[in-house]
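Worth saying up front: this structure is predicted, and the values here are computed from it rather than measured. Every chain is numbered from 1, with letters handed out A, B, ... down the list of sequences.
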Protein chains: 2
Amino acid sequence: MLERMPPDFRAMLRGASLRVTGPRLAVLDAVHEHAHADTDTVIQRVRADLPTVSHQAVYDVLRALTVAGLVRRIQPAGSVARYEARVGDNHHHVVCRDCGRIDDVDCAVGQPPCLTASDDHGFTVEEAEVIYWGRCPDCASPSRVSTDQP
Amino acid sequence: MLERMPPDFRAMLRGASLRVTGPRLAVLDAVHEHAHADTDTVIQRVRADLPTVSHQAVYDVLRALTVAGLVRRIQPAGSVARYEARVGDNHHHVVCRDCGRIDDVDCAVGQPPCLTASDDHGFTVEEAEVIYWGRCPDCASPSRVSTDQP
DNA sequence: CCGTTTTCCTGAACGAGTCAAGACAATGGC
DNA sequence: GCCATTGTCTTGACTCGTTCAGGAAAACGG
């Protein structure tokens, strides 16, 4: 299983000065396979390969990978933390208010930083995060009565 | 105390079909006086006027006011919920990664919705929320060693 | 292969926010 | 003004995502 793991993950970890371990390879794989997965989903997917990995290990690994820039943590208001493998490309997200579905959206302008604050109050701005709030096609459909909204 | 409360709040509550109560007036006052206050800060300020108000009441009131559109709830990733009185003007926020300070920023483009997703994946987008991440002047100052960062 | 350093496991704890049920108070008609 | 109705507040327990702590285990460089 782990032997057939694409070697990229090993190289990515080494490139970030992180030790190559089973839990880390499994978490990287989980995040690459399932974009916007929350921590619990990552734990499930990791345990499909390595049943004994503790939830704490997954939390630790996700943090290490986030700090290293190998994964990106996103957390729309009212949601638990979610993780994705697309990093460094300055993309944004559409979030469904009903079901919580998240999709990627390319940068509205194109060049990072894609937006400049009209008055930054003296802040040193590093990043502009954009979240588009709305309804996904399924939840917006009038033929469907949503059962997920509060 | 409550008798000298500006009448606006009463009118605002009535206009939103909400009953006028002490806790609600106090919460409205707290949010208007202290922009971007978190729930705990609101509780403190409310209890300065009405010492017996329960934390649950403040949670309930903040939710009712948010649903009614009288206050706006914001929650940058990794932060607790915060509330502000500026509503309906499509403004955004700069957030300091070190100390958590939040300042208002006017819409980068000007017209709500101020941004249009390049590809909305069929979503019905209602609102574009922008958060500028960076450092506030105090935390960015090289003459100061930050003590607040993790 | 060994020692050092990092990572992982076990288990407990934290804290923002929520749930539930009953007491209480604001509103509108009398 | 007073009462009934309806919505709000109090009390207290609880949920759950996440973090803390300490020791066991594993990865890496030499």
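- Straight-line distance from the CG atom of B:Asp49 to the P atom of D:dC9: 15 Å, rounded to whole Å.
- Within a heavy-atom distance below 4.0 Å of DNA chain C, no residue of residues 65-82 of chain A is found.
- Residues A:Val42 and A:Asp38 are not in side-chain contact: their nearest non-hydrogen atoms beyond the backbone lie 4.5 Å or more apart.
- With A:Trp133 as the fixed residue, the side-chain hydrogen bond (donor to acceptor under 3.5 Å, both in side chains) test singles out one of B:Glu129, B:Glu127, B:Glu126: B:Glu129.
- As a whole-Å value, the separation of B:Tyr59 OH from C:dG15 C1' is 9 Å.
- Separating the CG atom of A:Leu62 from the P atom of D:dT19 is a distance of 10 Å, rounded to the nearest angstrom.
- A:Asp60 places its CG atom 10 Å from the C1' atom of C:dC9, with the value rounded to the nearest Å.
- The rotation axes computed at either terminus of the helix from C:dC1-D:dG30 to C:dC30-D:dG1 lie 40° apart, taking five pairs at each end and rounding to 10 degrees.
- A centroid separation of 6.0 Å or more is found between the aromatic rings of B:His34 and B:His32.
- At distances below 3.5 Å, not a single donor-acceptor pair connects side-chain atoms of A:Arg135 with backbone N or O atoms of A:Ala140.
- Distance from the side chain of B:Arg63 is smallest to C:dT18 among C:dT18, D:dG17, C:dC9.
- The backbone N or O of A:Gly78 lies less than 3.5 Å from a partner atom in the side chain of B:Gln75, making a donor-acceptor pair.
- Side chain of B:Ser54, nearest nucleotide from D:dT11, C:dT27, C:dC9: D:dT11.
- Residues A:Val20 and A:Arg24 are not in side-chain contact: their nearest non-hydrogen atoms beyond the backbone lie 4.5 Å or more apart.
- Where A:Leu18 and A:His55 meet DNA chain C, the nucleotide closest to each residue was compared, and A:Leu18 sits on the side nearer the 5' end.
- Between the side chain of B:Arg19 and the base of D:dT6, a donor-acceptor pair under 3.5 Å is found.
- Distance check: A:Ser54 OG to A:Asp60 CG gives 7.5 Å after rounding to the nearest 0.5 Å.
- Between the A:His121 side chain and the B:Asp104 main chain, a donor and an acceptor come within less than 3.5 Å of each other.
- Rounded to an integer number of Å, the gap from B:Leu13 CG to C:dA26 C1' is 12 Å.
- Contacts with DNA chain D (heavy atom under 4.0 Å) in residues 36-43 of chain B: none are found.
- Side chain of B:Arg47 to backbone of B:Thr52: no donor-acceptor contact under 3.5 angstrom is found.
- Counting to the nearest Å, the P atom of D:dC14 and the CD atom of B:Gln56 are 15 Å from each other.
- Atom C1' of nucleotide C:dA25 and atom CZ of B:Arg24 are separated by 12 Å, given to the nearest angstrom.
- Nearest to the side-chain atoms of A:Val61 among the listed nucleotides C:dT27, C:dC8, D:dC9 stands C:dC8.
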